[in-house]
Structure formats: C-alpha cells, structure tokens
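Order of appearance sets the numbers: ligands from 1, and atoms from 1 within every ligand.
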Amino acid sequence: MPVWFNPARELDALLRKVAPQVAGLDANFNPELRLSDPRHADFQANGVLPAAKKSKANPRALATALLDALRASGELDESLIQAEVAGPGFINFKLTPLALGAWLREYRDESKWRAGAASIMKGKKVIIDYPSPNTAKQMHVGHLRPIVIGEAVARLIEFCGAKLIRDNHIGDWGTNFGILILAIRRSGFVCDAQSPTALEDLERLYKEGSALTKADPVAMEAARAELAKLQAGDAENLALWHKIVEVSNAACQRIYDQFGLKTDLILGESFYRDKVDRVYTELQKCGLAEESEGALVVWHDDEPRFSRHAETKMPFIIRKKDGSSNYASTDLATLLYRWENFQAEEIVYVTDGRQQDHFQQLFRTGEKWFAATQRPLPRLRHVWFGTILGEDGKAIKTKSGDPVRLQSLIDEATERAFVAVSSKSPDLPEAERHAIARAIGIAALRYADLASNRTMDYAFSWEKLLAFEGNTAPYLLYAVVRVRSIFRKNNLEVGQGEEGASNPETPTEIALARKLLGFTNALDQALDDLRPHHLCTYLHELAAAYGAFYAADTVNVDQPDVRARRLMLCSRTCSILETGLRLLAINPVQRM
Ligand code: ARG
C-alpha cells in the first residue's frame with residue numbers, strides 16, 4: 001500500500017466511497033473529517049451524527065456499520081491507521097508509529113511534498129491579480145498587504161499544482177490620472193520623466209489635486225473632464241499620461257525589487273481601453289445593461305442590495321455618463337480577456353475589503369453575462385483583507401496625517417532589525433549583520449501581515465513584529481538556524497545520517513512526527529479559503545513541537561537507529577520550516 005501524503009484527505013474520500021454501501025447513508029454523505037485533539041486521535045469523522053439524525057438511525061450502530069464497510073473495502077491498513085467508534089457516534093483515526101515513520105521516510109523533501117500536494121489543483125489554469133496598485137502616486141502602507149498576501153497565495157496555489165499566471169492589473173486609466181493631469185495643468189509644471197525629483201513632484205501635485213477636487217466640485221468635474229479627454233485619445237493628455245506612467249512604474253518597480261516580486265504580466269486598466277466597447281455591446285445585447293441617467297448600468301434585481309428597487313440605489317455602473325470607462329468596465333473586459341486568451345479556469349483577485357461590493361457585482365454580472373453567451377465562467381474568488389491599524393486603533397498614518405510610505409516602512413524595519421541582530425549576535429561581522437537585517441526586516445513585515453487572518457484588521461507594532469519570541473518571523477528564522485546548527489556540528493548536511501532510522505517512539509518524538517504530517521492539513525486549510533495564516537500558525541506550532549522534542553530527546557545518542565531517527569526528525573523539521581517560509585516568500589538565513 002502506498003504511503004498517503006495526506007491521510008485525512010484519503011480517509012475522507014474512502015468514507016465517501018463506501019458510504020452508499022451502508023444502509024442509512026448515501027452518496028451525498030459528508031464524513032466531516034477533521035483534525036482531532038491529539039490526545040485521543042489524529043482525525044475524527046463527525047458526519048455520522050447528522051446523517052443518523054436524518055435517517056433516524058442509531059448513530060453508534062451507523063458509525064459501526066460505516067467502519068465495517070471501510071474495513072471490508074480492504075483499503076484501510078490498520079497497521080498504519082487504527083480506527084474505532086467513539087463517543088455518541090464519531091469515528092476516530094489514529095496514525096501508528098509505523099505510519100509516522102513511513103511518512104517521514106517517504107516524504108523527505110520539497111519535491112516529494114510538491115508532488116503530494118499537486119493533486120489539489122492539478123494543472124488548473126489560475127490567474128492571480130495582484131498587487132495591482134493605482135499608479136500616479138507613491139506606494140504607501142496600504143500597498144503592503146496586496147504585495148505580501150498576493151505573493152503567499154500565489155505560491156500556495158502554485159505549490160498545489162496549478163498553472164499560475166501572475167498579472168499585475170495596475171490602475172493606470174482611472175480617476176487618479178484625471179486628478180493628476182488637472183493639477184499638472186493648473187500648476188504649469190513641466191513633467192520630465194528623467195528628472196531625479198520626478199516622483200516627489202508628481203506626488204506633491206497629486207496631493208494638491210486630490211485636496212482641490214475633494215473641496216471643490218467644479219474642480220472634480222474638471223478632473224473628470226481631463227480623464228474623459230485622455231480616454232478619448234487627446235494627444236496632449238496622452239503624452240502627459242505616458243510620462244506619469246513611466247515615472248510611477250519605475251517607482252513601483254523599486255519597491256517590487258525589494259520584495260523580490262516578479263509578476264508574469266502587467267496588463268493594467270489602460271490595456272483594456274480598446275476592449276471595453278465590446279463589453280458595452282454584449283451586455284446590452286443580452287439585456288443585462290441599460291442606460292440610466294446617461295450612464296450604462298447593470299441592475300441585479302435578484303440581489304436586494306444591488307436591485308433597482310433598493311432603498312439606496314447601487315447599480316453596477318459600467319460606463320460613466322460622460323462616456324468614459326471606469327473600474328467596472330475595465331474589470332469586465334479583463335474577465336473576458338482572461339477567459340479568451342488564457343483559458344483561465346480560476347481568477348483570484350487580491351484587494352482591500354472595501355472593494356467587496358465591487359467584486360460581488362462584478363462576479364454576479366460575469367455569471368449572467370457568461371451564461372447568456374454560453375461561455376463557461378472561471379471560478380472567481382475575491383481574496384480581501386482588512387486594514388493595518390496604528391497604535392491608536394485607526395488606520396496607520398504619519399504624524400502629519402499622510403499615509404506612511406512603503407519605502408520608509410521598509411527602511412525602518414531594516415534599521416530596527418539591524419539593532420536586534422547586533423544585540424543578539426554582536427560577534428558577526430558588520431556587513432553580515434546588515435545583510436541579515438535586510439532579510440529579516442522584510443521578512444518581519446511580511447510575516448506580521450500574514451500571521452493574522454487576512455479578513456481582520458491588525459495592529460502594527462514594531463516590538464511584536466521583530467520579537468524573537470512568539471509567532472514572528474525572527475522566531476521561525478531562528479528556529480531554522482538552530483536546527484541547521486545541529487547538522488553543522490555533526491558535519492552533516494540536512495537529510496544525512498538517517499539511514500536505519502527506527503520509528504518515532506518517545507512521546508515528544510511522536511508529537512513532533514504528527515506535527516510534521518500536519519503540514520498536509522495546513523496546506524489544505526490555507527488553500528481552502530486562501531488564508532495563509534493557517535500556514536503561519538502551523539509553522540509556529542511546529543517550531544514549538546520541535547523545541548519540546550529537542551529539550552526532551554538527545555540527538556547524539558549511542559544507539560544508531562535512535563540517533564538516525566532523531567536526525568530524521570530534525571531534518572524534516574528544518575525542511576518543512578524552510579519550505580513553509582518560502583511559501584510565504586520568506587527566505588531562510590544561514591545565521592542570525
Ligand atoms: N487598482 C485597484 C486598487 O488599487 C486594485 C485592482 C484589483 N484588480 C482588479 N482587477 N480590480 O484598489
């Protein structure tokens with residue numbers, strides 16, 4: 001029998017398969033398999049209880065019948081997985097030390113885990129849309145989350161076997177450009193993309209323009225008019241637009257480089273300017289879009305909030321009344337393009353939670369439009385996130401009330417990491433401490449952002465971010481350094497010295513081995529709803545299980561099989577921590 005990469009998933013599939021053979025269950029049976037309290041079992045199937053209620057059967061008898069059917073299938077090897085009916089009608093499954101040992105020997109490195117996980121998204125064509133900033137202004141703290149969460153989600157999806165395309169859908173065709181062009185015109189500023197102060201100049205002008213248009217509706221109208229002119233192909237506005245795009249893209253690129261971010265495509269909103277007309281025509285043709293007060297809109301009467309009968313009208317405006325396109329027009333054109341050109345089977349959008357309404361309306365419109373035109377709609381998912389809060393519990397700002405620039409955040413993280421590393425390891429050469437600080441600074445920013453559930457707001461705190469204890473990047477990076485040092489001291493590479501390893505035996509070995517297998521569940525959980533924090537929580541727990549093992553079980557003992565199995569546990573811990581961190585786009589460091 002092969003060693004299952006993910007026993008929980010296999011058990012779930014097996015239970016579903018045999019359920020129809022059991023009186024009182026059918027093909028729709030959901031085993032509700034979940035991780036169990038490790039003191040009792042590894043996994044527990046709870047699904048018999050609701051099923052018994054429905055078919056008015058005795059739950060324990062039904063669970064016993066299901067387990068009998070499972071045994072009769074011959075696919076459950078009880079030397080590896082012990083099963084028993086427990087409580088009112090649960091089925092408990094426990095991995096034996098033999099199974100734990102077999103798994104550790106079989107799944108020894110990243111290539112094996114990748115192969116094991118690849119069945120989850122098997123060659124599926126997925127497009128992930130991130131970090132997709134609005135350009136024409138400098139990147140600020142608000143751009144941290146799409147970069148960080150987007151990359152982690154992308155890597156997870158790739159790891160689990162999808163064919164992934166990263167598309168940076170920059171906002172380079174919207175209101176922000178109208179505002180900036182207006183401000184440039186009013187100030188008489190001459191935009192020179194080569195000037196060293198080009199970015200600061202544009203930023204200052206954008207701020208002026210944005211204050212002006214907020215305060216004065218006439219100025220707002222003028223900004224809209226500039227945008228409409230640009231979209232209509234006005235030569236002067238287009239020339240200006242090119243320069244702005246050049247300056248702001250170069251500035252974004254400097255940030256991406258520091259995060260090691262590389263997308264496959266950069267197809268911004270402007271790329272779709274000649275593709276929106278088709279959207280208007282098609283949507284009108286299939287009766288989805290209609291004119292309303294000069295604009296072209298889509299109502300969703302089947303959705304109370306977006307219905308024309310709603311108290312506060314919220315139609316999906318797909319063309320503005322001055323004829324210009326908007327966020328919705330380009331997103332609809334993008335959807336069609338991604339389906340036609342890339343045969344996307346799934347599209348993942350990574351943005352702030354405040355865009356939930358937009359994406360709900362976009363997805364609803366997409367569903368109806370694709371159905372009417374007999375196209376298969378890709379699975380559409382909105383991976384949204386909450387806000388980063390400052391000490392005062394409000395959105396993080398500088399003292400002057402401006403958003404914190406992303407570059408200053410990176411700089412401060414690096415400086416603080418240098419202080420932390422220098423106090424922990426004063427003996428390392430200064431140049432190395434600087435290099436480590438650069439890695440840890442960015443890693444800490446990333447990890448703090450990923451460690452909490454993405455849909456929650458989180459409070460930014462330098463102390464927490466850079467702490468060497470707790471669920472932080474420095475803690476995990478240091479854990480890797482510590483495991484690696486065992487190998488260094490023994491003159492071994494990670495992965496060496498485990499020939500003849502016996503199966504885990506002591507309670508701390510068994511607990512660690514179980515945690516290592518739990519990697520598969522952490523992947524499943526993180527992938528299910530595209531929430532990387534599940535992986536963070538897992539890695540933190542793994543590091544703790546390793547700590548307990550290391551404190552209780554000496555590695556360098558005389559019995560060769562015991563030493564070998566402990567080295568095997570160390571090696572798997574090291575590699576899973578490293579792979580897990582890399583999935584979060586955090587690169588391990590050699591020393592710190
Ligand atoms: N540019 C948008 C913003 O900064 C995000 C774009 C997300 N992608 C999309 N296809 N709508 O808020």
So OG1 of Thr175 and CG of Asn134: to nearest 0.5 Å the spacing works out to 8.5 Å
Are more than 12 heavy atoms, taken from residues, nucleotides or ligands other than Lys320, located less than 6.0 Å from that residue's NZ atom?
yes
Query raised in the report: When only distance counts, is Tyr349 in polar contact with ligand 1, meaning an N/O pair under 3.5 Å?
Result: no
His169 heavy atoms within 4.0 Å reach ligand 1 at atoms 8 (N), 9 (C), 10 (N)
message = So for Asp129, does at least one of its heavy atoms come nearer than 4.0 angstrom to any atom of ligand 1?
response = yes
Ring centres under 6.0 Å, that's the criterion: do His434 and Phe418 meet it?
yes
Indicate the ring-plane relationship of Tyr349 and Phe359, choosing parallel, tilted or perpendicular according to the 30° and 60° boundaries.
tilted
**Message:** Within the 4.5 Å heavy-atom criterion, are Leu362 and Leu332 side-chain neighbours or not?
**Reply:** yes
Judged by heavy atoms only, the candidate from Asp331, Ile170, Asn176 nearest atom 9 (C) of ligand 1 is Asp331
is_close_aromatic(Phe271, His169), centroid dist under 6.0 Å: no
Worksheet item: So is Arg338 polar-close to ligand 1, meaning N/O to N/O under 3.5 Å?
Response: no
Contact region, Asn134 to ligand 1, non-hydrogen atoms below 4.0 Å, reads both
In terms of its nearest heavy atom to atom 2 (C) of ligand 1, the top option of Pro131, Ser132, Gly171 is Ser132
d(Leu156 CG, Glu151 CD) to nearest 0.5 Å is 10.5 Å
Please confirm whether Tyr327 comes under 4.0 Å of ligand 1, counting heavy atoms of the residue only. yes
* Asked: Heavy-atom distance under 4.5 Å between the side chains of Leu389 and Tyr458, does that happen here?
  -> no
Check your understanding: Is any N or O atom of Thr351, backbone or side chain, closer than 3.5 Å to an N or O atom of ligand 1?
Key -> no
Mind checking whether Gln355 has an N or O less than 3.5 Å away from an N or O of ligand 1? yes
Quick look: Phe359 vs ligand 1, heavy-atom contacts under 4.0 Å, and the answer is side chain
(request) Please say whether His358 places an N or O atom under 3.5 Å from an N or O atom belonging to ligand 1. (result) no
